[in-house]
Each structure stands twice: as structure tokens, then as C-alpha cells.
Amino acid sequence: MQDNMQSMNVNIVVEGITDEAVAKRLLELTGLTIGNIYGLRGKQHILKQLQGYNTAATYRPWLVIVDLDSDADCVVQAVQNWLPKTNHEKGMCFRIAVREIEAWLLADAEHLAQFLHVSSSILPASPDKELHPKQTLVNIARTSSKSYIREDIVPRQGAGSVVGPGYTSKLIEFTQQYWHPDQAMQHSESLQRCMKALLKWVRQME
């Protein structure tokens, strides 16, 4: 283990570029420097490489975030299946979003409602309980008073897609410029656990 691990860049492993934007925002809050980005090819690709990332965490810090989806009933079960905590290297911070990372964005109801131009009253009070947060977010965007929001986020009829053509770019814009994780934490236990784990992780690397 390197004595100066905290001063090293933190490598990020995520499913896609929306998740990348979320991971970067969280690391910025901890004061850690962002290193290289890995993954970006979906969850199954990450899970296949997870042991390798964990081994690499012997020498430098790695943050890995994946969605729970419907792969397990709870995070504890998923962690046990994918990378038991007893096997985590000191430099590994492995976190699971319940049930999709969109739930963490939905948790900042005030700012997301403003961004989507919808009433905050239609956002879920407990986004971690949403079975399909991405679909929930799309359905909320359908009610937007702004046509450009609907056109970007909501899939076009007959397009064969679950999201609109500008879905990813809009979520990245929201995450980078408007999302307040500190407020979102109050409505998402999953995000709160993630931030607490990150802060504890930082202290352990000191």
C-alpha cells in the first residue's frame, strides 16, 4: 500500500457517461482528484472486470459504481455476490446505486423540477423505492412545460428507444450544473450511504 494514496488520482469505473458525470461530482465534493475513466460499456462488463479493478486498488484508489437494477433484492445481497466487503482492497470504494443512478438525481427534487420545468410535487418522495428510476424520470419529463425538454428526454413514437435523443446530454448538464448531492442525500439512503462511504474512505487513506 502506498503511503501517499490519498494524493493520487482516483480512477473511476462506471456503466456510462451519465454515471461518469455523477461520480465526478461526488469526488469533487470529497476534494479528491479525478484520474482515468474506465468501463462505459455497461454493468456486465464491469462485473467481469471487477476482481481486476480490486487488485489494482492495492496500489491506487478506485471508485466503482454500478446500478442494482433488479439483479438482487438489496444492496447487501448484491455486494456479497459481486465483491464481498471482506475482499475489498484498501483502495477500493465499490458502491451500488438503488436501483439506478437516476434515483440519485431524482432525489434532488427541487433543482430537478426547476431544470425539467415541472412541479416538484410530481417527483417521488422516496426515489430509492422506484423500480425503474430512469423510466420515472422520462415520465416526469413528459409533463414539462418546455417542448425542448420533452423532445430531448422523452422517446419519439416508434423510435424503439426508452429515452429521447438528448436524454444523456440533458442529464449530464443537470448533474454538472444544477444537481446538489448534499440535498439529494436527504431523500436517498443509497446516495447517503455512498457519500458516507466516500468520506470514510478518504479518512482511511490519510
Where is the tightest heavy-atom contact between [X] and [Y], given as atom of each residue plus distance?
| X | Y | value |
| --- | --- | --- |
| H117 | Y148 | NE2-OH, 3.4 Å |
| A57 | W62 | CA-CD1, 3.6 Å |
| I37 | V14 | CG2-CG2, 4.5 Å |
| A109 | S120 | O-CB, 4.3 Å |
| N139 | R142 | OD1-NE, 3.1 Å |
| A141 | R150 | O-CG, 3.4 Å |

Under the ring-ring contact (aromatic ring centres under 6.0 Å, His included) rule, what pairs show up with a residue in residues 68-113, not counting sequence neighbours? H111-H180

Check: [Y] main-chain N/O paired with [X] side-chain donor or acceptor under 3.5 Å:
| X | Y | answer |
| --- | --- | --- |
| Q186 | D182 | yes |
| N54 | E89 | yes |
| N36 | N11 | no |
| T33 | N9 | no |

Should the pair D69-K43 be classified as a salt bridge under the 4.0 Å nitrogen-to-oxygen rule? yes

Salt-bridged, D152 to K170, with N to O below 4.0 Å? yes

Would you say that [X] contacts [Y] through its side chain, given a criterion of any heavy-atom pair below 4.5 Å between the two side chains?
| X | Y | result |
| --- | --- | --- |
| E151 | P165 | no |
| D19 | E100 | no |
| L112 | L123 | yes |
| I140 | T136 | yes |

Can you label the angle between the Y38 ring and the Y53 ring as parallel, tilted or perpendicular, going by 30° and 60°? tilted

Is it the case that one hydrophobic cluster holds both I17 and V13, taking links as side-chain heavy atoms less than 4.5 Å apart, direct or via other members? no

Could you pull out every donor-acceptor pair under 3.5 Å between side chains of residues 22-32 and any protein atom, sequence neighbours left out?
{"unit_1": "K24", "atom_1": "NZ", "unit_2": "E20", "atom_2": "OE2", "d": "2.8"}
{"unit_1": "R25", "atom_1": "NE", "unit_2": "T175", "atom_2": "O", "d": "3.0"}
{"unit_1": "R25", "atom_1": "NH2", "unit_2": "W179", "atom_2": "O", "d": "2.5"}
{"unit_1": "T30", "atom_1": "OG1", "unit_2": "L27", "atom_2": "O", "d": "2.7"}
{"unit_1": "T30", "atom_1": "OG1", "unit_2": "L32", "atom_2": "N", "d": "3.3"}

Do S119 and S121 have a side chain donor and acceptor closer than 3.5 Å? yes

Can you see whether S188 engages D128 through a side-chain donor-acceptor pair at a distance of less than 3.5 angstrom? yes

